[in-house]
Number of protein chains: 2
Amino acid sequence: MAYSTYGRHITMDLREVAFEKLNDVRFLKEVMYEAAAQCGATVVGESFVQFSPQGVTGVLVLSESHLSIHTYPEEGFAAIDCYTCGYTVDPAVACDYLKAALGGRVVGYRALRRGSGAIEDLTTLHLAAANN
Amino acid sequence: MAYSTYGRHITMDLREVAFEKLNDVRFLKEVMYEAAAQCGATVVGESFVQFSPQGVTGVLVLSESHLSIHTYPEEGFAAIDCYTCGYTVDPAVACDYLKAALGGRVVGYRALRRGSGAIEDLTTLHLAAANN
């Protein structure tokens, strides 16, 4: 059986997130699992690491690819990426949920299309399609 | 102590990679660890999953962020991403190593700058700097 290699890969950077949230591995694990559930992804593996003196990295391996977060509590900064293969699971849903759960401000956001030739910005592709 | 939030995030798609390599979780784990070592990253966590009937996802959590691979052996396709924070560890070194170890052809490659405001293409930034 063959699966579609089409996928969407979103990278999202947040600032002004509360230190306490970004340094709480239990809280972050909970919201990461909920983000995966919200977009209908299936979690098949995980790795969470608490850094010293602060900071957390968490990765969920999904049937559809992965969801990761890297935090810098002292900077109020979180770098998130969600990559999902196929057309069903939308990584934007997971990112939107994490933004709402963490708070703060989105300072960087890129959505890329993968697995269909060159890696392209989805916004560019949507614009091109809208203008056709 | 504060750490720099500056980071580089490379996404790389490969085609025409041998089925056997892409479906061999032991081989993939070995080359992923070696890729991390080649670029001087420190591995602090891992999650590898073998899918049925084929396909592997592997993620290494690094002190510097993460390195992941998702394979579609039946399509000869591998989607890799390597995100490293700070200026020392260059994710391009890990990607180059994986390209050499896996073989195949690079069909998609994007290098993004994160943690310094908007998420920008590094090639665009390099071009702008070269033209200044």
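Quick caveat, the model's predicted, so the values are computed rather than measured. To find a chain, count down the sequence lines: A is the first, B the second, and so on, and within it residues start at 1.
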For Val44(B), is it the side chain, the backbone, both, or neither that has a heavy atom closer than 4.5 Å to a heavy atom of chain A? both

Are Tyr83(A) and Val59(B) connected into the same hydrophobic cluster when the rule is that any two of I, L, V, M, F, W, Y join if their side-chain heavy atoms are below 4.5 Å apart? no

Would you say Val43(B) and Val93(B) are hydrophobically clustered, going by side-chain heavy atoms of ILVMFWY under 4.5 Å? no

Heavy-atom contact with chain A under 4.5 Å, split by part of His66(B): both

Using heavy-atom distances under 4.5 Å, tell me whether Ser65(A) contacts chain B through its side chain, its backbone, both, or neither. both

Nearest 0.5 Å, what's the CZ-CG distance between Arg114(B) and Asp81(A)? 6.0 Å

Note, Arg110(B) side chain near Asp121(A) side chain (heavy atom, < 4.5 Å): yes

Where on Leu112(B) is there a heavy atom nearer than 4.5 Å to chain A: the side chain, the backbone, both, or neither? side chain

Go through the atoms of Thr57(A) and report whether side chain, backbone, both or neither lie under 4.5 Å from a heavy atom of chain B. side chain

Linking I/L/V/M/F/W/Y whenever any side-chain heavy atoms sit under 4.5 Å apart, do Ile119(A) and Leu98(B) land together? no

Under 3.5 Å: donor-acceptor pair, side chain of Arg15(A), backbone of Gly117(B): no

Do Leu28(A) and Val61(B) share a hydrophobic cluster, counting only Ile, Leu, Val, Met, Phe, Trp and Tyr and linking them when any side-chain heavy atoms are less than 4.5 Å apart? no

Find out whether Cys85(A) and Tyr72(B) are in side-chain contact, i.e. whether some heavy atom of one side chain is under 4.5 Å from a heavy atom of the other. yes

When heavy-atom pairs shorter than 4.5 Å are enumerated against chain B, which of Gly45(A), Ser63(A), Gly7(A) gives the highest number? Ser63(A)

Given the options Ala118(B), Gly55(B), Gly58(B), which has more heavy-atom pairs under 4.5 Å with chain A than any of the others? Ala118(B)

Distance from His70(A) atom NE2 to Thr84(B) atom OG1, nearest 0.5 Å? 10.0 Å

Between the OG atom in Ser47(A) and the CZ atom in Phe48(B), the distance rounded to the nearest 0.5 Å is 10.5 Å

First locate atom CZ of Phe77(B), then atom OG of Ser116(A), and finally report the distance between them rounded to the nearest 0.5 Å. 8.0 Å

With a 4.5 angstrom heavy-atom cut-off, is it the side chain or the backbone of Ser68(B) that approaches chain A, or both, or neither? side chain

Hydrophobic clustering (ILVMFWY, side-chain heavy atoms < 4.5 Å, transitive) - are Ile10(A) and Ile80(B) grouped together? no

